[in-house]
Amino acid sequence: MKQWKSQNEDIEKEKNIFDIHNDEDELDYEATLKRRLAGPSVLKSGQESVDQERINEIIYEASKGSKYFEAEQKRDLELRMRIERVRQEVKEYYRKLEHNNAFQKEWAERTDQIDTYMQELQSCRDLSQVIVHVDCDAFYASVEELRNEKLKNIPMAVGKGVLCTANYMARKFGVRSAMPEFIAKKLCPELVVLPLDIPEYAVKSKEIQNLLLEYDQNLCPASIDEVYMNLTPYMNRNKLNKDEDTMQQVIMEIRNKVLKITGVSISCGIAANKLLAKIASNMKKPNDQYLVPIEAEVIEKFMSKLPTRRINGIGRVLEQELLGLDIETCGDILNNRTLLSYIFREKTFQNLIQCSLGIGSTIVQDFGDSYRKSIGCEITFSNAIASGGLLESKLQALCQSLAESLSKRDLIANSISVKIKTDTFQVHTRQKNLREYIFNDTDLFCEALRLLRMEYPLRIRLLGVRASKLTNKASYIASRIKFSKQNSVSCPVCRIDLKDDLAVVNQHIDLCLNTETVKKVIDNEKKEIPLKRKRNTIDAFFRH
DNA sequence: GCGGATCAC
DNA sequence: TATGGTGATCCGC
Ligand SMILES: Nc1ccn([C@H]2C[C@H](O)[C@@H](COP(=O)(O)OP(=O)(O)OP(=O)(O)O)O2)c(=O)n1
């Protein structure tokens, strides 16, 4: 806790420096905070007729004075300071570029290397596939409308406390995802807010996926309401020409079918890869489709005009950082490539370049649950809770529910983390790797409690627990049995000591687990395909 | 390896 | 009066 406080003091100091400024700064400062408070969904479709300026004003006024507001204000200030520092850095680079010969040379060499890297990327551009991104419209709200027809004609949203989504009727009022309910009601007093029913949405989601399987058996669900498909095999199988009209026609057929059979309208993006298909599905919404022609020149032109925020992975912060450098579009990114290579780290830089060229993966493959890296649960209390018995009982309940989730997926964990959010909206996590794999509620609670208690005294509004370094329980047990060479083994499930006699061990483990599962896992063990990153010319800059 | 920050949905 | 839950990734240290 001490360190957290001292960090805050630093920020306070800097804030004071910022407090001495002119009116122009003040206005500027309010403007960015207003944008931040507007939330991440400002550019969602369905708000074309909305006066964003007015909405942001209402949100700002409704938020003012709350602890949440204070926290956001602080975050906004930090971001603005970071952007200002980067701007100074850039000035320095440009100054050196004017006067410093050695630096000029370095800059030129770097530009050459980046260009080589870009050529490499372009030569690998895959235009042989037809990739489709399917995104359900206002998904949770659509499912609710199916259950109750009357909701179709009134502004409605789904969520509790904070909205998960709103139907298009509600969006006309500026109501959108991630907006707190009380502000939404201010914007639209007659708004109906329904509680969440995720299992129901999951059923609908599966129904849609099953329909789409006809077009790609390997389709890859990207979230509860999105799937990627590779349409190429379907087109080939049916001897369909891959011209634009035909592709549009097939997608039209898919959309009509999904709407007719499931009642949910979808929007589709058709393009050469997942990156472009995803962008495309957002271009025309709801209940529509958009095709990015599968030709290098058209793709490059399309990308060059595209605002950076449209690409998956560029959010509010990175967008602002780029705007701070006068970079608005992906074209601007390419034009400023050398500068950006100095400003951002390797991964971020490569991603910016790749996306700006419109290059993306064409692999559509469902890794399913085997790819999951962590699993957890968290809860926000109606009132902040201080250290003590009540808090610890909440942790216990969370651990119980985590144990259930693990058990349902047959997973065990080698690492655990506890998350807290203070009543001032500061988020912290404490993580610990474990000597053994754990999975039952008692062990989870025991480890989590240790982490939580180290942070006392506390006063928090949210508590969470998450398990990571996961492995399949059956495969773990199988490997433990195979490699066990000692006279006695401890049961990997309950840890009791057993004689090293396979029959005894098996019999015992039967109690903990079904042996068939273990055998199956041993047989299938080497199915995983490790993903290897290709080495690029550009790596040289970033290696030390 | 850990914790914070960012991002998506 | 009041701002969610789940999971992933990157970066600095
Ligand atoms: N901050 C968010 C955003 C979304 N969701 C949930 C509710 C949405 O219904 C679902 C799908 O999210 P999308 O971003 O695809 O948005 P919608 O489908 O709701 O609307 P759109 O028509 O704009 O795609 O995910 C959520 O819980 N929290």
Side-chain angles (χ1 to χ4, degrees), chain A residues 3-4 7 36-41 44 59-60 62-72 75 78-79 82 135-136 138-140 157-165 176-186 193 195-196 198 201-202 205 221-226 278 282 309 311-321 344-352 367 369 371-384 398 401-402 405 414-421 423-433 451 455 461-470 542:
Chain A
Q3 322 114 295
W4 303 344
Q7 271 177 7
R36 170 176 284 263
L37 288 168
S41 303
K44 276 251 149 197
I59 296 174
Y60 185 86
S63 303
K64 215 144 120 187
S66 68
K67 283 179 175 164
Y68 177 81
F69 180 90
E70 306 276 323
E72 287 299 286
R75 280 195 258 272
E78 280 173 84
L79 174 61
R82 213 168 60 230
D135 191 326
C136 301
F139 187 54
Y140 294 0
V158 183
K160 77 164 202 290
V162 171
L163 306 182
C164 283
T165 195
R176 54 199 179 219
S177 349
M179 181 178 275
E181 196 176 325
F182 80 95
I183 289 181
K185 283 265 173 65
K186 259 191 185 123
V193 180
L196 282 162
I198 307 243
Y201 313 145
S205 170
S223 76
I224 193 164
D225 84 322
E226 292 168 280
K278 167 94 184 165
N282 256 308
R309 184 63 191 278
I311 73 183
N312 206 349
I314 299 189
R316 278 184 294 171
V317 171
L318 190 47
E319 179 193 35
Q320 289 304 312
E321 288 177 345
F344 292 106
R345 293 306 113 215
E346 176 175 15
K347 274 281 195 308
T348 312
F349 174 72
Q350 291 190 357
N351 200 249
L352 286 176
F367 284 92
D369 245 17
Y371 191 65
R372 180 190 286 273
K373 300 242 169 78
S374 75
I375 180 164
C377 45
E378 59 191 61
I379 184 171
T380 295
F381 310 122
S382 42
N383 294 301
L398 285 168
S401 125
L402 177 55
S405 310
N414 196 227
S415 182
I416 188 167
S417 77
V418 165
K419 171 176 167 182
I420 60 178
K421 179 148 61 180
D423 55 353
T424 52
F425 289 87
Q426 310 238 337
V427 178
H428 303 284
T429 58
R430 288 293 175 260
Q431 192 221 336
K432 188 179 155 202
N433 288 336
L451 290 174
E455 305 306 322
R461 71 191 323 280
L462 171 147
L463 180 63
V465 56
R466 177 163 294 274
S468 52
K469 298 205 198 306
L470 303 176
F542 301 101

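All values reported here derive from a predicted model rather than from experimental measurement. Just the heavy atoms: all of them, side chains too, but no hydrogens, waters or symmetry mates, feed the values below.
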Measure from [atom1] on [X] to [atom2] on [N] and round the result to the nearest Å.
X       : N      : atom1 : atom2 : result
R75(A)  : dT3(C) : CZ    : P     : 13 Å
N312(A) : dC9(B) : CG    : C1'   : 10 Å
K44(A)  : dC7(B) : NZ    : P     : 16 Å
R461(A) : dT3(C) : CZ    : C1'   : 7 Å
R309(A) : dT6(B) : CZ    : P     : 13 Å

- Task: Using only heavy-atom distances, determine whether the side chains of E70(A) and T424(A) contain a donor-acceptor pair under 3.5 Å.
- Result: no

- For dT3(C) and dA8(B), measure between their P atoms and round to the nearest Å. 24 Å

Within the 4.0 Å heavy-atom criterion, would you say [X] contacts the bases, only the backbone, or no part of the nucleic acid?
X       : value
G315(A) : sugar-phosphate
A178(A) : base
C164(A) : base
E378(A) : base
L196(A) : nothing
E226(A) : sugar-phosphate
T348(A) : sugar-phosphate

- Of I183(A) and K373(A), whose closest DNA chain C nucleotide lies nearer the 5' terminus? I183(A)

- Item | Interatomic spacing from CG in D225(A) to CG in D135(A) - rounded to 0.5 Å | 4.5 Å

- Quick one: which of dG3(B), dC11(C), dT3(C) gets closest to the side chain of R430(A)? dG3(B)

- Message: Parallel, tilted or perpendicular: which one describes the rings of Y140(A) and Y201(A), with boundaries at 30° and 60°?
- Response: parallel

